[in-house]
**Q** 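Before I ask anything, here is the structure I am working with.
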Amino acid sequence: MSERKILICSAWPYAYDMMHLGNLVGCLLSGDVFERYYRLKGCDVVHVSGSDMHGTRTEFEALRRGISPEEIAYKTHEAIVEVLKGFHIDMENYTTTATETHYEFTQNLYRQAEANGYIIPLDEKRAFCEVDEIFLADSFIEGTCPKCQFERAKGNQCDNCSSLLEPEQLIEPKCTICGQSQIVFKETRAWLLDLAKLEPKLREYVEGHPEWEGNVKHFTKQMLEDGLQPRAVTRDLKWGIPAPFEGSEGKVIYVWAEAAIGYVSATKEYFDKLGTPERFDEFWKNPDAKHVYTQGKDNIAFHTIFFPGQLLASEQGYHLPDQVSAVEYLQWIGGAKFSKTNNVGIFCDEALELMDPSYWRWYLISVRPERRDLAFSWEDLDMAVNATLNNNILNLVNRVVSLIHKKTDGKVLDVEIEADVLAQVEATAKKVDEIVEAGGLAAAIREISNLALFGNEFVQNREPWKEGNENILTSAFHVCKALSVLIQPFVPRVAEKVFRVLNLKDVTFDEITTIRGGHPLNPTEPLFEKLDIDELKARYEALKEKSTQNA
RNA sequence: GACGAGGUAGCUCAGUUGGUUUAGAGCGGUCGUCUCAUAAGCGACAGGUCGAGGGUUCGAGUCCCUCUCUCGUCACCA
C-alpha cells in the first residue's frame, strides 16, 4: 500500500433544486475527472461527496409548500443521483448529510471542539415570525428601507440603494414565507465557533500553501487580513443535526458548519461499509495524502478557512485541504444567470435529454471557467465537440486505424517510432500531468488537442497511404494510443470504445509512453457521431417551451 | 457603499521578475491543396489603438494613478 493516497472532495449540491450545468462542471464533474485521472496514474483514490440535505432554504421552502423538508431533500437527492449516473460520474461514496454516520461524526467533532474551548455561547435578539413560529434569516425578511424608502428591502441589504441594513431597521418588516408582518425580535442563544482563537493556526496553515493562486489566494488572504470573528454554528431550525452543546436542545448545527464535515464522515462511511474502517486514517490522518477539493468560487472561504478551522478545533489531527480547485461561474448565453424560476439555462436533468453525456463532459470541461466567468454558447459547444473531439482527435484515430487495417493487415509494425513523435507525446503527457496536478483541467484539454493537431499534421506530411511509407503508421499509432489514454478521465465511455479498437486492456497512464510493436488491432467501429447543433438547438427550444407551459 | 478580482483579434485563451524591431496560438472566416479517414486532413492569409485616459522609464499588454464596465465578498443565503 505504497501508492499515493488521493482524496477528491466535491462540494455538496444543495438538495433543494436541480443543479444547472455550471454547478455540475465546477463540483462533481471536475471531481470525477480528477478521480479518474489519478486512478489512471495508479494512485489509491477515494472520491466523496453527497447531497446537502439541510439548510434554511430547504426548510423555508418546505414551509411555503406545506410539505416536509425531508420530502424535498430526498426527492432532490434521488434526482441528483440519477443525474450523476447519467453523466458517468461515479465516485466511491455519494451520500447525504442525513445519514447516521454523518450525524454522529458531526456531533462528536463539535463536542471535541467544545471540549477544546473553541465553542462560545452568545445571546442575541433575532427576528421571529409568530405565524410560522420560526426564526427568520435576514434575507427572509422584507420591509421598507429606512434610507431610500424602497419597499422591498431585504433584512441584510437594500437592493435599491444597496445600503447594508440590520433587520431591526426595516420599517414594517414582513416575513417572506407567510407574507405577514407579525415579526418580533426575541432573544435566542447561539453557539459560535471561535475562529478568532483559531486564527494563528489557520494563518500558519494558509502560509503553508504558497502555491494557491487567483481567487483562492485572494479570498483567503482577504479574510485573514480583515481578521476572523467567531461565527455561529447553530440555528433555530428543526431540520438538521441536533446541536450537541449544553442547553442547545431544539437547535441544529448550521449547514455550513456540517456539510463540509461530510467530506470526512463520507470517507468514514465508505470504509466502514467496505469493512476496512482502519483505512480511514490512511486518508485523513496521513500527512502524505493529497486532498483535492472541487467547488465554485463562492465556496472558497468555506474550504480554506471555516472547514480547516473546524478540523483544527477538533484537534484530532485531520489532514487539512491541500488543493482548492475553485472555478469561476459558467453563465448562460450572453452572461445571463441560470435560473430555475425564470427558466433560464439548461439544468442537469434536461441536459441529459438533449445530448450524449460524453459530449457534455467534453464541452463543459473544455470551457471550465478557471480564470474568469464564462458564458455558454452553442458555437463553443459545436467547436468543442465536432471540431476538437470528433474531427481532430477521434477522426485521427479512425484515420490511422483504417490505414493500419488496409496497409499492414491490422498489425502495428514492429519498427522504431520517430524521435519527434516520441518527444511530442512525452512532452504532452508531462504538460497534462503538470496542469492536472496543479488543479487545472481545461488547459489539459488544450494540450491534448494540440497533440491531435500534431498527429494529423504528421500523418498528412508523411503520407502513410502511399506505398513504402507503412512504417510511419507505428508512430501514428503511438500518438493515437497516447490520445486515447489522455482523454480517458474526460470522456471515459469514448475512451473505452477507442481502447477496444486499439486492442488495449487495463490501461494505465504508462501506456502513453509504452512502445508497442507487432500489436494487432481490433476491427474498426464507428468512434463518434457528429453533433447536429441546429437540431440540438431546436430540441432545446422545444424543451423550454414545454417547461414554460408546465410552470 | 467598502474591499477584492478581471477586462488582449468574431470566439476561447498564451503572454516569465517591463526590452528579439511588424503583440502570439487554437477555433471560426477567406483562399488554396492532399485523398488514408465520418465533406474529415494539411497549408496560406486575415492585421486586435492589448477596456479609456494619464504617468514612471531609454523602453509597458507587463509597474503607478484616475476613470469606465463585468464579477465576487461584505460573516444567520450556501
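Lettering follows sequence order; numbering is per chain, from 1.
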**Q** Taking CG from A:D380 and C1' from B:rC13, how many angstroms apart are they, rounded to a whole number?
**A** 11 Å

**Q** Would you call A:E61 and A:R65 a salt bridge, taking side-chain N to carboxylate O under 4.0 Å as the test?
**A** yes

**Q** If you assign each of A:V367 and A:F302 to its closest nucleotide in RNA chain B, which residue comes earlier from the 5' end?
**A** A:V367

**Q** Using the C1' atom on both, measure B:rG61 against B:rG7 and round to a whole Å.
**A** 12 Å

**Q** Given the P atoms of B:rC45 and B:rG6, what is the spacing between them in whole Å?
**A** 34 Å

**Q** Taking atom C1' in both B:rA23 and B:rG48, compute the distance separating them and give it to the nearest angstrom.
**A** 9 Å

**Q** Which donor-acceptor pairs under 3.5 Å do the side chains of residues 387-397 of chain A make with protein atoms, sequence neighbours left out?
**A**
{"from": "A:T388", "atom 1": "OG1", "to": "A:M383", "atom 2": "O", "distance (Å)": "3.4"}
{"from": "A:N390", "atom 1": "ND2", "to": "A:Y359", "atom 2": "OH", "distance (Å)": "3.4"}
{"from": "A:N390", "atom 1": "ND2", "to": "A:V385", "atom 2": "O", "distance (Å)": "3.4"}
{"from": "A:N390", "atom 1": "ND2", "to": "A:N386", "atom 2": "OD1", "distance (Å)": "3.3"}
{"from": "A:N391", "atom 1": "OD1", "to": "A:K530", "atom 2": "NZ", "distance (Å)": "3.2"}
{"from": "A:N391", "atom 1": "ND2", "to": "A:N386", "atom 2": "O", "distance (Å)": "3.3"}
{"from": "A:N392", "atom 1": "OD1", "to": "A:N456", "atom 2": "ND2", "distance (Å)": "3.0"}

**Q** Do any pairs count as a salt bridge (Lys or Arg N to Asp or Glu O under 4.0 Å) and have a residue in residues 229-242 of chain A, sequence neighbours left out, and if so which ones?
**A** A:D236-A:K251

**Q** Considering residues at least two apart in sequence or located in another chain, which fulfil the ring-ring contact (aromatic ring centres under 6.0 Å, His included) criterion with A:Y94?
**A** A:H77

**Q** Could you tell me whether A:E496 and A:R500 have a side-chain N and a carboxylate O separated by less than 4.0 Å?
**A** no

**Q** Could you work out, with ring-ring contact (aromatic ring centres under 6.0 Å, His included) as the rule, every residue matching A:W239, not counting sequence neighbours?
**A** A:H54

**Q** Of A:H303, A:R368, A:E370, which is the lone residue that meets side chain to side chain donor-acceptor pair (under 3.5 Å) with A:S325?
**A** A:R368

**Q** Can you build the contact string for nucleotides 26-40 of chain B? Use B for base contact, S for sugar-phosphate-only contact, and - for no protein heavy atom under 4.0 Å.
**A** -S------BSBBB-S

**Q** If the condition is ring-ring contact (aromatic ring centres under 6.0 Å, His included), which residues does A:Y118 pass it with, not counting sequence neighbours?
**A** none

**Q** Check the interface with nucleotides 5-8 of chain B: list each N/O to N/O pair with the protein under 3.5 Å, or write none.
**A**
{"from": "B:rG7", "atom 1": "OP1", "to": "A:R371", "atom 2": "NH2", "distance (Å)": "3.3"}
{"from": "B:rG7", "atom 1": "O5'", "to": "A:R372", "atom 2": "NH1", "distance (Å)": "3.3"}
{"from": "B:rU8", "atom 1": "OP2", "to": "A:R372", "atom 2": "NH1", "distance (Å)": "2.9"}

**Q** Could A:K125 and A:F185 be counted as a cation-pi pair, given that NZ or CZ must be under 6.0 Å from the ring centre and within 45° of the axis?
**A** no

**Q** Under 4.0 Å between a side-chain nitrogen and a carboxylate oxygen: does that hold for A:E525 and A:K497?
**A** no

**Q** For the P atoms, the ones on B:rU20 and on B:rA5, what distance do you get once it is rounded to whole angstrom?
**A** 28 Å

**Q** Would you call A:K431 and A:E447 a salt bridge, taking side-chain N to carboxylate O under 4.0 Å as the test?
**A** yes

**Q** Sequence neighbours excluded, which residues qualify as side-chain contact (heavy atoms from CB on, under 4.5 Å) partners of A:R57?
**A** A:Y14, A:Y16, A:F140

**Q** Pairs counted as Watson-Crick or G-U wobble with both distances under 3.5 Å: what dot-bracket string results for RNA chain B, using | for bases tied to another strand?
**A** (((((((..((((.....[....)))).(((((.......))))).....(((((..]....))))))))))))....

**Q** Could you measure between the two P atoms, the one in B:rC63 and the one in B:rU8, and give it in whole Å?
**A** 16 Å

**Q** Using the P atom in both, what is the distance from B:rG51 to B:rG10, to the nearest Å?
**A** 13 Å

**Q** Between B:rC64 and B:rG43, how far is it from one P atom to the other, in whole Å?
**A** 41 Å

**Q** Quick one, give me the B/S/- string for nucleotides 71-77 of chain B, reading 5' to 3', where B means a protein heavy atom under 4.0 Å from the base and S means that only happens at the primed atoms, P, OP1 or OP2.
**A** SSS-BBS

**Q** Could you work out, with salt bridge (charged side-chain N to carboxylate O under 4.0 Å, His left out) as the rule, every residue matching A:K197, not counting sequence neighbours?
**A** none

**Q** Taking the P atom in each of B:rA46 and B:rG26, what is the distance between them to the nearest angstrom?
**A** 13 Å

**Q** Reckon A:D52 touches a base, only the sugar-phosphate, or nothing at all at heavy-atom distances under 4.0 Å?
**A** sugar-phosphate

**Q** Quick one: list whatever passes side-chain contact (heavy atoms from CB on, under 4.5 Å) with A:A257, sequence neighbours left out.
**A** A:Y110, A:V233, A:I253, A:Q310

**Q** Give the rounded distance in Å between these two atoms: CG of A:D382 and C1' of B:rU12.
**A** 14 Å

